[in-house]
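All of these numbers come straight from a predicted model, not from anything done at the bench. In listed order, ligands and their atoms are each counted from 1. Both backbone and side-chain heavy atoms feed into the values below; hydrogens, waters and symmetry mates do not.
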Amino acid sequence: MHTFYYPDHIKHDPHQLHKEDTPRQNEYYCEVAERGIIIHDAIQQANLGPITPPGDFGIEPINEVHEYGLINLLQSAYQRMKTESDGTLAVPDTFSVGRLPHRKPRSIWGQLGYYCFDTSSPILEHTWDVAYWGAQTALSAAALVLAGLETEGMPISYALCRPPGHHAAQNLFGGFCYLNNAAIAAHWLVQQGKRVAILDIDYHHGNGTQAIFYGRSDVLVCSIHADPLNEYPYFWGYGDEYGSGGGQGFNWNYPLPRGTREPEYLQALADALVRVRLYVPDVLIVCLGVDTYEKDPAGGFRLQTESFARIGERIADTRLPVVVIQEGGYHLPTLGENVLYFFKGLLGK
Ligand SMILES: [Zn+2]
């Protein structure tokens with residue numbers, strides 16, 4: 001397996017802002033730079049294959065998925081807060097609820113509220129660069145599997161992305177996510193003439209991925225996650241969201257209650273994989289979140305480390321080429337092992 005990893009992801013670390021703050025806030029910014037390092041070290045020590053930096057596919061694949069206004073804000077907000085405001089942290093304090101499309105304010109504060117849906121995703125000095133390279137990491141993994149389709153039959157690659165991406169939509173960011181790495185990779189693969197399915201197994205619903213492909217039939221989106229009645233992101237991820245227009249029947253949500261254990265989880269996974277198989281994709285993109293782990297501070301399921309191996313095995317049983325893209329997972333003491341067990345299952349090790 002080939003892993004792509006951008007070591008300078010550590011330059012984006014919202015946790016640094018709150019070192020002196022209350023435990024509640026530390027938990028709130030649990031998307032810390034150590035996450036990437038811990039996972040990288042676990043993959044390296046397990047000798048699962050080469051780990052290389054991503055290639056540069058340029059801005060165009062990002063432009064294809066995200067609105068220019070959102071990209072421009074991510075690129076400029078940090079500096080604009082200094083020149084147009086008092087240099088305070090670039091986090092919205094007002095949200096554009098029920099907005100009309102033409103009401104886009106000029107103010108940096110107004111634009112933050114226009115393009116962001118929560119308060120968990122500050123735009124720091126290096127946020128744009130790190131998000132950009134996260135997208136390139138996903139694209140590099142997609143390109144490797146694309147090339148391997150001709151020669152290997154069932155290639156597998158891993159984009160060790162940080163920050164995660166699945167909460168970011170065309171014109172909205174939030175949930176620690178700025179650019180939707182999986183959607184950018186999926187859309188790029190579609191442009192190369194491939195049929196793509198996305199399976200999101202993060203604890204939280206991938207609302208951004210759903211939004212991007214909701215009206216499309218050329219990317220199947222399946223997501224297994226905590227029931228949004230009780231869990232973030234609350235407003236998306238219900239079982240009756242099937243897609244719209246030409247995309248109807250190409251979006252499948254599997255919301256599960258808090259406290260879900262492995263048997264019920266594997267049943268939902270089996271159901272989702274039936275959908276994936278019926279779609280007959282050329283490539284399966286797996287959005288891997290291990291915040292489904294029993295002790296995860298951002299989770300509420302009761303999966304154990306061994307559960308991730310069985311999830312990997314079930315996905316391997318599809319015998320599809322797989323691009324794995326890292327999403328959440330916040331319990332640092334077990335993070336590396338949980339990701340590793342997933343790959344042990346996927347790779348049959
Ligand atoms: Zn999550």
Side-chain angles (χ1 to χ4, degrees), residues 9 12 14-15 26-36 38-39 116-122 131 134 138 158-169 172-183 198-212 221-238 241 253-260 265 268-269 272 285-305 307-308 311-312 324-339 341-342:
H9 72 82
H12 169 78
H15 182 63
N26 277 330
E27 186 184 309
Y28 190 64
Y29 284 109
C30 56
E31 204 292 288
V32 297
E34 288 114 290
R35 296 181 58 246
I38 288 170
I39 298 172
C116 188
F117 69 89
D118 70 12
T119 56
S120 71
S121 316
Y158 176 34
L160 207 181
C161 295
R162 211 207 124 251
H166 72 153
H167 293 304
L172 268 183
F173 71 100
F176 311 140
C177 303
Y178 302 88
L179 297 174
N180 194 313
N181 305 315
I198 297 176
L199 173 67
D200 189 324
I201 55 171
D202 187 276
Y203 177 73
H204 306 93
H205 176 242
N207 59 292
T209 316
Q210 168 170 302
I212 288 165
V221 178
C222 298
S223 180
I224 306 167
H225 50 264
D227 192 332
L229 273 174
N230 296 309
E231 273 292 3
Y232 186 93
Y234 305 113
F235 310 109
W236 307 276
Y238 293 85
E241 296 165 8
N253 285 325
Y254 300 86
L256 298 171
R258 281 183 76 91
T260 290
Y265 190 91
L269 178 64
I285 293 180
V286 176
C287 291
L288 173 64
V290 293
D291 42 5
T292 47
Y293 179 63
E294 58 184 348
K295 291 180 187 156
D296 196 284
F301 287 170
R302 295 190 188 158
L303 298 191
Q304 297 173 324
T305 297
S307 309
F308 294 107
I311 292 169
V324 179
I325 296 184
Q326 188 63 46
E327 302 288 354
Y330 307 100
H331 185 252
L332 301 184
T334 58
L335 178 59
E337 203 178 24
N338 287 342
V339 170
Y341 266 69
F342 171 81

Inset, instruction - Just give me the atom name: the N, O or S atom of H204 closest to the Zn ion (ligand 1). - result: ND1
Inset, instruction - Give the name of the N/O/S atom in D202 that lies closest to the Zn ion (ligand 1). - result: OD1
Inset, instruction - Please state whether the separation between the Zn ion (ligand 1) and some N/O/S atom of D291 is under 2.8 Å? - result: yes
Legend entry - side chain to side chain donor-acceptor pair (under 3.5 Å) evaluation trace for E231 with H204: CA-CA 8 Å; E231 273 292 3; H204 306 93; 4.6 Å; no
Inset, instruction - Take N338 and T305 through the side chain to side chain donor-acceptor pair (under 3.5 Å) test and state the conclusion after the steps. - result: CA-CA 5 Å; N338 287 342; T305 297; 2.7 Å; yes
Inset, instruction - Quick one: closest heavy-atom pair of P164 and R35, and the distance? - result: CD-NH1, 4.4 Å
Legend entry - Atom pair CZ/CG of F173 and D118 - distance to nearest 0.5 Å: 8.5 Å
